[in-house]
Q: 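Before we start, here is the structure in question, set down as structure tokens.
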Amino acid sequence: GCAVGLIMHGRNVAIDGVKYEYSEILGGYVASAKSTDITGALVLSEVDGKPVLALADEAFKGCYALKKIELPSSLIRVGKSAFDGCTSLKYTEVDGALYLGNAKNPYLLLASYVDAEDRHALLLSDGLKIIAPRALSASEHLATVNFPESLKIISDEAFLDAPSLN
């Protein structure tokens with residue numbers, strides 16, 4: 001997980017038959033799925049009265065059948081490869097930007113970006129709070145990104161191998 005050395009104790013929680021592990025870190029919890037054969041996921045906003053602050057590294061990696069995920073607004077970190085292999089996941093897409101979030105804010109997290117030869121500028125949606133690791137990586141044609149005021153966190157390697165971005 002992403003909280004090595006800070007984990008105090010964990011909680012296993014099942015919601016609609018889906019098992020999650022919530023590991024306590026200083027001030028809150030880090031979430032991850034306990035199995036990969038899931039079609040939907042709801043990440044709680046708090047556990048034991050403390051906020052869920054992060055998704056662990058590889059939190060949903062290999063969840064090939066995962067179609068829908070609900071993320072809490074309390075998130076401030078998304079671990080590397082959190083959604084690797086989630087090939088069935090349905091995103092909210094705006095101009096090639098692929099967002100995940102919740103009913104209140106579908107633009108909470110920029111998870112990925114679909115590069116296009118004719119798209120050189122990207123205006124990120126209002127409500128965006130976090131840009132995930134490698135979300136804009138390998139964006140060969142993207143030269144300009146406009147950030148909304150709501151943006152709080154740009155994850156490590158968010159722009160890895162994006163040669164046209166200044």
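Atom set for the values below is all heavy atoms of this structure, side chains included, hydrogens, waters and symmetry mates excluded.
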Q: When you check the gap from the basic side-chain N to the acidic O, do Arg77 and Asp57 get nearer than 4.0 Å?
A: yes
Q: Taking a hydrophobic cluster as the set of Ile, Leu, Val, Met, Phe, Trp and Tyr residues connected by side-chain heavy atoms closer than 4.5 Å, whether directly or through intermediates, do Leu128 and Leu123 fall within one such cluster?
A: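 Shared cluster, no.
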Q: Test your reading of the model: is there a side-chain donor-acceptor pair from Arg119 to the backbone of Val114, 3.5 Å cut-off?
A: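 Checked: pair present.
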Q: Hey, does the side chain of Ser125 reach the backbone of Tyr107 with a donor-acceptor pair shorter than 3.5 angstrom?
A: no
Q: CZ of Phe147 to CG of Asp126: how many Å apart, nearest 0.5 Å?
A: 14.0 Å
Q: Are Val145 and Leu160 linked, directly or through intermediate hydrophobic residues, by side-chain heavy-atom contacts shorter than 4.5 Å (ILVMFWY only)?
A: no
Q: So do Ile69 and Leu100 actually touch side chain to side chain, heavy atoms under 4.5 Å?
A: yes
Q: My understanding is that only residues two or more places apart in sequence, or in another chain, count here; which of them pass side chain to side chain contact (heavy atoms under 4.5 Å, CB included) with Lys34?
A: Asn12, Lys19, Glu21
Q: If you take all heavy atoms of Pro72 and Leu44, which pair is closest and at what distance?
A: CG-O, 3.4 Å
Q: For the backbone of Lys104 and the side chain of Asn102, can you confirm whether one donor and one acceptor N or O come within less than 3.5 Å of each other?
A: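 Side chain of Asn102 to backbone of Lys104: a pair is present.
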Q: Between the side chain of Ser74 and the main-chain N/O of Val52, is any donor-acceptor distance below 3.5 Å?
A: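 Pair found, side chain donor or acceptor close to backbone of Val52.
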Q: Measure the CD-CD1 distance between Glu157 and Ile131 for me, rounded to the nearest 0.5 Å.
A: 14.0 Å
Q: Only one of Leu151, Leu109, Leu110, Ile154 clears side-chain contact (heavy atoms from CB on, under 4.5 Å) with Ile130; which?
A: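 Running side-chain contact (heavy atoms from CB on, under 4.5 Å) over Leu151, Leu109, Leu110, Ile154 with Ile130 returns exactly one hit, Leu109.
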Q: For the backbone of Ser73 and the side chain of Lys129, can you confirm whether one donor and one acceptor N or O come within less than 3.5 Å of each other?
A: yes
Q: Okay, side chain of Asp161, backbone of Ser137: is any donor-acceptor separation there less than 3.5 Å?
A: no
Q: Keeping Asp84 on the side-chain end and Lys61 on the backbone end, is there a donor-acceptor pair under 3.5 Å?
A: no
Q: Grouping I, L, V, M, F, W and Y whenever their side-chain heavy atoms are under 4.5 Å apart, do Ile38 and Tyr64 come out in a common cluster?
A: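 Each belongs to a different hydrophobic cluster.
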Q: Hey, are the side chains of Leu142 and Tyr113 touching, using non-hydrogen atoms and a 4.5 Å cut-off?
A: yes
Q: Can you measure from CD1 (Ile76) to CG (Leu53) and round to the nearest 0.5 angstrom?
A: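 Atom-to-atom, Ile76:CD1 and Leu53:CG are 4.5 Å apart.
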Q: Mind listing the closest non-hydrogen atom pair of Ala31 and Tyr22 along with its distance?
A: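 In this case the closest contact between Ala31 and Tyr22 is CB-CE2, 3.5 Å.
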Q: Is a side-chain N or O of Ser32 found less than 3.5 angstrom from the main chain of Ala59, in a donor-acceptor match?
A: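 Not a single qualifying donor-acceptor pair exists.
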Q: Nearest heavy-atom pair of Glu140 and Asp115: which atoms, and what distance?
A: N-OD2, 3.0 Å
Q: Mind checking what makes ring pair (Phe, Tyr, Trp, His ring centres under 6.0 Å) contact with Tyr91, not counting sequence neighbours?
A: none
Q: Could you tell me the separation between the OG atom of Ser139 and the CG atom of Leu122, rounded to the nearest 0.5 Å?
A: 8.5 Å
Q: To the nearest 0.5 Å, how far apart are OH in Tyr20 and OG in Ser35?
A: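 OG of Ser35 is found 8.5 Å from OH of Tyr20.
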Q: State, to 0.1 Å, how close Leu124 and Ala97 come at their nearest heavy-atom pair, and which atoms those are.
A: CD2-CB, 4.4 Å
Q: Look up atom OG1 in Thr87 and atom NZ in Lys67, then write down how far apart they are to the nearest 0.5 Å.
A: 10.5 Å
Q: Decide whether Asp48 and Tyr29 meet the rule of one side-chain donor and one side-chain acceptor closer than 3.5 Å.
A: yes
Q: Holding to ring pair (Phe, Tyr, Trp, His ring centres under 6.0 Å), I want the full list of residues that pass it with Phe159, two or more places apart in sequence or in another chain.
A: none
Q: Show your working on side chain to side chain contact (heavy atoms under 4.5 Å, CB included) between Val30 and Leu55 and close with a plain yes or no.
A: CA-CA 5 Å; Val30 176; Leu55 296 181; over 6 Å; no
Q: Check whether Ile15 and Leu89 end up in the same hydrophobic cluster, where Ile, Leu, Val, Met, Phe, Trp and Tyr are linked by side-chain heavy atoms less than 4.5 Å apart.
A: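 Same cluster.
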Q: Return yes if some donor-acceptor pair links the side-chain N/O of His120 with the main-chain N/O of His141 below 3.5 Å, else return no.
A: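 Flag set: sc His120 to bb His141 pair under 3.5 Å.
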Q: Are Lys80 and Glu58 close enough, and set up right, to give a salt bridge (Lys or Arg N to Asp or Glu O under 4.0 Å), and what steps lead you there?
A: CA-CA 6 Å; Lys80 291 181 182 176; Glu58 302 180 358; over 6 Å; no
Q: Quick one: does Phe60's side chain get under 4.5 Å of Thr36's, heavy atoms only?
A: no
